[in-house]
Amino acid sequence: MAASGARSCNLSGLLPAQTSLEYALLDAVTQEEKDGLVYQYLQKVDGWEQDLSVPEFPEGLEWLNTEEPISVYKDLCGKVVVLDFFTYCCINCIHLLPDLHALEHTYSDKDGLLIVGVHSAKFPNEKVLDNIRSAVLRYNITHPVVNDADASLWQELEVSCWPTLIILGPRGNMLFSLIGEGHKEKLFLYTSIALKYYKDRGQIRANKIGIKLYKDSLPPSPLLFPGKITVDHVSNRLVIADTGHHRILVVWKNGRIQYSIGGPNPGRKDGIFSESSFNSPQGVAIMNNIIYVADTENHLIRKIDLEAEMVSTVAGIGIQGTDKEGGAKGDEQPISSPWDVVFGRSGSEVQRDNILWIAMAGTHQIWALLLDCGRLPKKNELKEGTCLRFAGSGNEENRNNAYPHKAGFAQPSGLSLASEDPWSCLFVADSESSTVRTVSLKDGAVKHLVGGERDPMNLFAFGDVDGVGISARLQHPLGVTWDKKRNLLYVADSYNHKIKVVDPKTKNCTTLAGTGNASNIISSSFTDSTFNEPGGLCIGENGELLYVADTNNHQIKVLDLETKTVSVFPVFTSENAVVDGPCPAEKPKTLPKLPKSAPGVRLSPVAACPGQTLQFKLRLDLPSGTKLAEGASSCWFLSAEGNEWLLQGQVPSGEIKSISNQPTISLQIPGDCLSLEAILSISVFLYYCSADSSACMMKGILFSQPLQITGTQQDCIPPVELKYIF
């Protein structure tokens with residue numbers, strides 16, 4: 001297709017018309033009104049004398065997930081195209097990917113839609129094709145991606161922000177732009193109406209684009225992009241976040257897998273080990289056979305009980321949150337992309353760890369989850385289960401401040417604790433500012449340790465320079481660990497492919513291991529060994545060994561700090577665990593059937609749109625003089641006969657442990673609804689006894705909730721109360 005009559009342009013040409021459209025959409029009430037406004041906008045833009053044409057992809061660019069380079073004015077002729085300008089380190093770009101996955105699931109190239117990722121690097125390390133290739137695999141990107149290493153398209157179109165989406169018509173003509181994350185509704189509205197508009201005019205072509213996925217060429221591997229690692233100092237085990245396999249591994253020090261929990265595919269499900277699932281988990285912390293997990297892309301904190309062999313959710317609701325204050329009970333508190341976790345104590349007088357510190361990368365903050373009642377600096381006594389912000393304003397900055405809520409972080413991704421004096425602080429790997437910072441455990445003051453620069457708004461002060469304090473340079477560090485034996489801090493300087501060591505007393509930062517080249521050379525010496533974007537690390541064996549999650553090499557490396565040698569930690573299966581998924585030996589949990597005498601309660605219909613979350617609060621009363629039976633699990637579970645699609649990816653069952661604190665059941669309406677009407681069944685089983693336990697019984701009840709699926713965004717739907725007196 002020729003681009004005659006077109007003029008090369010930038011995004012500013014769209015601004016006046018699209019701004020008018022977006023103001024008009026604010027006043028639109030019904031979906032029909034919104035569709036009509038976008039259709040009229042397209043008539044106007046399509047009728048301009050000259051198209052606002054996107055430039056052709058320059059020759060010689062490197063492509064991924066395609067059989068050959070793609071041309072805007074040949075291969076994409078007759079397609080509605082979404083250009084995603086992204087850089088793979090950016091948390092906002094990562095947040096956008098589920099929206100793009102959902103769009104691809106709704107419309108294919110046969111329908112006339114194609115997404116093209118235009119990778120425009122922030123860091124020098126991100127310009128390297130092999131590193132982009134790893135990110136494409138890690139984030140399951142299946143559409144074509146072009147490496148615009150010199151940002152030529154970015155500059156020509158005057159793109160100014162990661163991420164930016166540009167929607168093109170079938171002539172390479174720019175139609176819309178969306179800046180930043182959180183525009184899913186507009187993305188679907190604009191693309192769906194653009195497809196309809198151009199189909200009405202016969203300009204959409206159904207030809208397929210030659211896709212060749214990089215992931216299809218990879219051999220199987222015991223680990224896939226391991227993100228974080230920790231040591232269980234009591235039981236001689238390691239816990240590995242096998243991020244790319246969406247699972248957690250508990251491994252003996254000889255490398256044999258004891259437990260494989262979750263995987264190989266992403267999901268969000270609590271329950272027994274063989275049923276549970278995670279989505280790109282990162283940080284892990286273990287204490288007393290309990291593992292806490294930063295389940296990053298599910299926006300959850302999960303709890304793994306190794307004795308009960310159960311997984312549960314302790315913070316987050318499974319949807320990306322925007323709340324920057326917190327304060328609710330953990331499983332009712334929305335959170336955003338937790339990246340690391342570490343245990344701590346609320347005061348020197350406290351005898352055991354009662355806080356889980358969280359690096360909340362998505363809101364650029366440090367949060368706390370109270371594992372027991374306790375007190376944070378400058379806070380009143382807090383209840384067990386409370387989840388709230390500790391430090392960080394939520395603005396993406398490199399700002400240090402004596403007041404923790406006025407400080408600013410930029411995608412904090414690694415945590416380590418030095419509870420002893422004189423340190424008494426959290427160390428933070430603040431990846432997007434390329435710094436390591438400290439947060440005082442006494443008053444919350446945030447201070448600089450190494451890297452970055454004094455201007456809090458400059459997030460481009462990165463490099464690879466050994467030095468003191470602000471003269472040192474790091475590049476997107478993702479992990480830190482404290483060596484209590486030597487009073488030293490080790491840093492995974494991820495994009496420099498090095499392990500560095502910092503003396504917090506002098507602020508001196510030097511290279512410990514790695515050449516700076518992204519490769520996988522195992523040498524007898526620290527300086528000759530190489531890494532590839534190491535993401536996490538931890539100290540073991542009383543300070544003798546440093547374990548490193550060498551993420552893009554799909555390995556765990558072991559650095560002997562005494563002999564200065566490097567080795568690869570073996571990971572192998574046994575008869576009780578498998579490499580590529582959960583243990584198949586466990587039988588799925590069977591749920592009891594309701595007694596025929598069980599009463600049924602039909603609830604009033606509820607209208608909801610795809611992506612919206614419904615909550616059901618149990619409000620059950622036992623007969624006077626009775627109590628829940630001990631040793632018998634009262635429970636609830638969900639079913640949707642004939643509409644099983646409604647339950648995909650949901651938590652389908654749970655326990656009722658207390659009548660005084662009954663659970664709230666959440667259900668997110670799937671993005672792809674196969675029916676506009678469905679009935680959700682909520683079955684409840686209660687096992688209870690007389691006060692003297694002389695007689696016990698089981699009672700059941702069935703709540704039926706009719707659902708009406710609508711395309712119109714509903715206001716916040718109040719929780720539905722499930723009341724019944726037995």
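None of these values were measured; they are calculated from a predicted model.
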Among I261, V314, V311, which residue meets the side-chain contact (heavy atoms from CB on, under 4.5 Å) test with R302? V311
Ring geometry between F343 and Y292 (parallel below 30°, tilted from 30 to 60°, perpendicular above 60°): perpendicular
Measure the acute angle between the ring planes of Y495 and H476, then classify it against the limits of 30° and 60° as parallel, tilted or perpendicular. parallel
With a 4.5 Å limit on heavy-atom distance, are the side chains of Q475 and N125 in contact? yes
Under the side chain to side chain contact (heavy atoms under 4.5 Å, CB included) rule, collect the residues that match up with P719, sequence neighbours excluded. Q615, K617
Could you grab the distance from atom CG of L545 to atom NZ of K557, nearest 0.5 Å is fine? 15.0 Å
Check for me whether K122 meets the cation-pi criterion with F460, that is, NZ or CZ under 6.0 Å from the six-membered ring centre and within 45 degrees of the ring axis. yes
If the condition is salt bridge (Lys or Arg N to Asp or Glu O under 4.0 Å), which residues does E544 pass it with, not counting sequence neighbours? none
Going by side-chain hydrogen bond (donor to acceptor under 3.5 Å, both in side chains), name the residues that satisfy it together with H364, two or more places apart in sequence or in a different chain. none
Would W482 and E420 satisfy side chain to side chain donor-acceptor pair (under 3.5 Å), going step by step from the backbone distance to the final call? CA-CA 11 Å; W482 176 242; E420 65 275 15; 2.8 Å; yes
What verdict does the side-chain contact (heavy atoms from CB on, under 4.5 Å) test give for K447 and R437, after you've listed the backbone C-alpha separation in whole Å, the side-chain angles of each residue and the deciding distance to 0.1 Å? CA-CA 6 Å; K447 298 180 180 179; R437 325 270 286 283; over 6 Å; no
Residue from L546, V558, N236 passing side-chain contact (heavy atoms from CB on, under 4.5 Å) with E541: N236
How about K484: does its NZ atom have over 12 heavy atoms from other parts shown lying under 6.0 Å from it? no
